[in-house]
Amino acid sequence: MTSSSNMFEAREGERRLDQDPATMPPDGGVVFIGRFTSSWNARDTCPKNMRAARAAGQPAVLTVDAPYRPGLQGLERASHIIILSWLHHAPRNLIVQKPRHAADAKGVFGLRSPARPNPVGLHVARLVGLDIGTGRIDIDAIDVLDGTPFIDIKPYFASTDAIAEATVEGREER
């Protein structure tokens, strides 16, 4: 496994926390419920977001660990799912970041970067196939490295999850 310090180079204007959250005692009891199988083995070739992942045309698979497979019952009704991943390669102590494309550094909570105190990724994917017995979930695309663990799966409800008027200042797309 590549260390996060090798995958995330330091950039001018960035700031790190004094204590790395990865070294702190856990207080949430979060567990991994499975892992992704994806085409991406290196950060530099992995799509930066789900739009780019879909454009790459590489489907992906989630494998849910055996104890959690009964929780998949009813998921087949959803056309799309929300997946919360644990971006385990990302540094957890980078609190101010300077994205390559940005003129200025920004706080981690104003970015979608994987580097954050709790490296939770959010992905909305099209559900292509589901086998509850094996825990296999086929999806249209993913923007994480092969072997990345995930912590939750939820059905996507367009009626409550989509907010048409949502914007981010300085971004042209919604």
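One-based numbering along the sequence shown. All values below were derived from every heavy atom in this structure, side-chain atoms included, with hydrogens, water molecules and symmetry-related copies excluded.
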query = If you measure from CZ on R43 to CG on L145, what distance do you get to the nearest 0.5 Å?
reply = 9.0 Å

request  = Return each pair, listed once, that meets salt bridge (Lys or Arg N to Asp or Glu O under 4.0 Å) where at least one residue sits in residues 152-161; pairs must be two or more places apart or across chains.
outcome  = D152-K154

message = Can you give me the closest heavy-atom contact between A105 and G13, atom names plus distance?
response = CB-O, 3.5 Å

message = Rounded to the nearest 0.5 Å, what separates atom CD in Q97 from atom NZ in K106?
response = 11.0 Å

request  = Compare every heavy atom of A125 with every heavy atom of A141, then report the nearest pair and how far apart it is.
outcome  = O-CB, 4.0 Å

query = Do the side chains of R16 and P91 get nearer than 4.5 Å, heavy atoms only?
reply = yes

message = Less than 4.5 Å apart, side chain to side chain, heavy atoms only: is that true for P149 and H88?
response = yes

ask   = Are R92 and P117 side-chain neighbours, meaning at least one heavy-atom pair lies under 4.5 Å?
value = no

task = Grab the two heavy atoms, one from K98 and one from A103, that are nearest each other, plus how far apart they are.
result = CE-O, 3.5 Å

ask   = Members other than I81 in its cluster, when Ile, Leu, Val, Met, Phe, Trp, Tyr link by side-chain heavy atoms under 4.5 Å?
value = V31, I33, F36, M50, L62, V64, Y68, L72, L75, I83, L87, L127, L130, I132, I137, I139, I142, V144, F150, I153

query = Got E165 and I163 here, is their nearest side-chain heavy-atom distance under 4.5 Å?
reply = yes

task = Could you grab the distance from atom NE2 of H89 to atom SG of C46, nearest 0.5 Å is fine?
result = 10.0 Å

request  = With the side chain counted from C-beta on, respond yes when E14 and V96 share a heavy-atom pair under 4.5 Å apart, and no when they do not.
outcome  = no

message = Pair E9, R100 - check salt bridge (Lys or Arg N to Asp or Glu O under 4.0 Å), show working.
response = CA-CA 11 Å; E9 70 281 353; R100 284 185 189 95; 3.0 Å; yes

ask   = Can you pull the salt bridge (Lys or Arg N to Asp or Glu O under 4.0 Å) pairs that have at least one residue in residues 121-142, sequence neighbours excluded?
value = R54-D140, R136-D138

ask   = Once you round to the nearest 0.5 Å, how far does CG of L94 lie from OG of S113?
value = 7.0 Å

ask   = What distance separates D65 CG from R69 CZ, expressed to the nearest 0.5 Å?
value = 7.0 Å

message = Holding to side chain to side chain donor-acceptor pair (under 3.5 Å), I want the full list of residues that pass it with R15, two or more places apart in sequence or in another chain.
response = none

Check: H123 and S85 side chains under 4.5 Å, non-hydrogen atoms = yes

remark   = Across all chains, not counting sequence neighbours, the side chain to side chain donor-acceptor pair (under 3.5 Å) partners of T148 are none

note = Note: A90 and F8 closest approach over all heavy atoms is CA-CE1, 3.7 Å

key: Residues D143, W40; criterion side chain to side chain contact (heavy atoms under 4.5 Å, CB included); working and verdict   = CA-CA 8 Å; D143 56 347; W40 319 116; over 6 Å; no

key: For L84, the rest of its hydrophobic cluster, which grows through side-chain links under 4.5 angstrom   = V30, F32, I82, W86, V120, L122, V124, I151, Y156

query = With distance as the sole test, does Q73 use its side chain to make a donor-acceptor pair with the main-chain N or O of G71 at under 3.5 Å?
reply = no

